[in-house]
Number of protein chains: 2
Amino acid sequence: MTSAAKGSPSPRLTRNQAMVYDALVSASGAMTAYQLLDALRAEGLNAPPQIYRALQRLTDIGLVHRLESTHAFVACQHGDGTGHDTAAFAICDDCGDVVELSDARLARDLRSLADGSGFTPHRASIELHGTCERCRPAND
Amino acid sequence: MTSAAKGSPSPRLTRNQAMVYDALVSASGAMTAYQLLDALRAEGLNAPPQIYRALQRLTDIGLVHRLESTHAFVACQHGDGTGHDTAAFAICDDCGDVVELSDARLARDLRSLADGSGFTPHRASIELHGTCERCRPAND
DNA sequence: CGGGCGAACGTTATGATATAACAACAACGC
DNA sequence: GCGTTGTTGTTATATCATAACGTTCGCCCG
Ligand SMILES: [Zn+2]
Ligand SMILES: [Zn+2]
Ligand SMILES: [Zn+2]
Ligand SMILES: [Zn+2]
């Protein structure tokens, strides 16, 4: 029924989880929890916990990423959320567009940098703020 | 008088800014704005805007960094806050300790990764969560 | 000296983000 | 049927951050 509940490697989504995920996929960029709530009131979601619970599950299984620097959430741009341990996000401060970048070299550098100080990383949050290609000519 | 107002390249700090900065330097790790407020009530700071304004100025001039993933603030560990455009933070989820890492290779990789998608970065937020050296044996 | 002016301050109120807690309900194995 | 487990809907509350406004401070210049 929803675009996400089919034959993916992820566990099946509940109704609320699918609604939130579909909203994020339809959106061209990131959305905050309360933007999602506003968008989904018409479909029966009324209160923050319903949104945050769905987002928690979706981020746990890797279908959605949380952008710490903007308190927003974005659908994973790598299909089903499998296979990237170190993702970086390029966030355009002009238009809000978000691109998910993945790079093995970056992951390796981060790991070795952490190792150098005896740190064992479990997760990383890498967010670049700046201007995207489309917005650059305008404010050059 | 304060530890920061001397012959640095930064402008002199006001009384409130110095109080907040000193509190962060004294703290071994990061503090949230409201933790700072609680710590500085005895010295006359009463309301959130006083804290947030000082933090804004301190982060603008590079003496303090904001940790997006924990909504906390930490004094720059590179002396006076000059000369690092790409800092990464290793945050121990066990003890809260924060180490500021700086690496030219990481900065270069990030820049080339962004360039590859036409993105012009202005600032980066790189935060690693995990376990620090001292805490690792305990929960291995 | 004494305005004039811009930055910083103190205060009140409010906005934005996120979670605790609990009762009702559905799904499943037995 | 019946316990177990996880999801749901709901209310209330906690946590993080800023708007707005009048006052005071520091400092330059006439
Ligand atoms: Zn992804
Ligand atoms: Zn843009
Ligand atoms: Zn620093
Ligand atoms: Zn630790």
Does A/Thr14 have a side-chain nitrogen or oxygen under 4.0 Å from the phosphate oxygens OP1 or OP2 of D/dG6?
-> no

Okay, side chain of A/Glu68, backbone of B/Glu127: is any donor-acceptor separation there less than 3.5 Å?
-> no

Extract from the structure each pairing of a protein N or O with an N or O of nucleotides 14-17 of chain C at less than 3.5 Å, listing the distance.
none

For atom CG of B/Asn46 and atom P of C/dT12, their distance in whole Å = 9 Å

Nearest whole angstrom, please: distance from the P of D/dT7 to the CD1 of A/Ile61.
-> 11 Å

A/Asp94/A/Arg136 ion pair, N-O < 4.0 Å = no

Under 3.5 Å, side chain of A/Glu100 to main-chain N/O of A/Phe89, donor-acceptor pair present?
-> no

Which nucleotide in the list D/dT11, D/dA17, C/dT11 gets nearest to the side chain of A/Ala47?
-> D/dT11

Which angle, to the nearest 10 degrees, lies between the helix axes at the two ends of the helix from C/dC1-D/dG30 to C/dC30-D/dG1, each defined by five pairs?
-> 20°

With respect to the phosphate group of C/dG10, does any side-chain polar atom (N or O) of B/Asn16 fall under 4.0 Å of OP1 or OP2?
-> yes

Quickly work out the A/Gln17 CD to D/dG6 P distance and round it to whole Å.
-> 13 Å

May I ask you to decide if A/Leu45's main-chain N or O and A/Gln50's side chain share a donor-acceptor pair within less than 3.5 Å?
-> no

With side chain to side chain contact (heavy atoms under 4.5 Å, CB included) as the test, would you mind laying out the steps for B/Ile126 and B/Leu110 before giving the verdict?
-> CA-CA 10 Å; B/Ile126 306 167; B/Leu110 271 178; 3.2 Å; yes

Which nucleotide sits closest to the side chain of B/Pro49: C/dA8, D/dT18, D/dT7?
-> D/dT18

Quick one: does B/Asn16's side chain have a donor or acceptor within less than 3.5 Å of a partner on B/Thr14's backbone?
-> no

For A/Ile91 and A/Ser69, work out which heavy atoms get closest and say how close.
-> CD1-OG, 3.9 Å

Test: A/Arg108 and A/Asp103 ion pair at under 4.0 Å = no

Do the side-chain N or O atoms of B/Arg57 get closer than 4.0 angstrom to the phosphate oxygens (OP1, OP2) of C/dA8?
-> yes

Provide, to the nearest angstrom, the distance between the CG atom belonging to A/Leu40 and the C1' atom belonging to D/dT8.
-> 15 Å

Give a yes/no on whether any side-chain N or O of B/Gln50 is located under 4.0 angstrom from OP1 or OP2 of C/dG10.
-> yes

What are the two closest non-hydrogen atoms of A/Cys76 and A/Gly62, and how far apart are they?
-> CB-O, 3.6 Å

Rounded off to whole Å, could you give me the CG-to-P distance for the B/Leu37 and D/dT18 pair?
-> 15 Å

Check the distance between D/dT8's C1' and A/Ile51's CD1 and give it to me in whole angstrom.
-> 13 Å

Take atom CE of B/Met19 and atom P of C/dA8, then tell me their distance rounded to the nearest Å.
-> 16 Å

If you take atom types as modelled and just measure distance, does the side chain of A/Arg53 reach the base of D/dG9 with a donor-acceptor pair under 3.5 Å?
-> yes

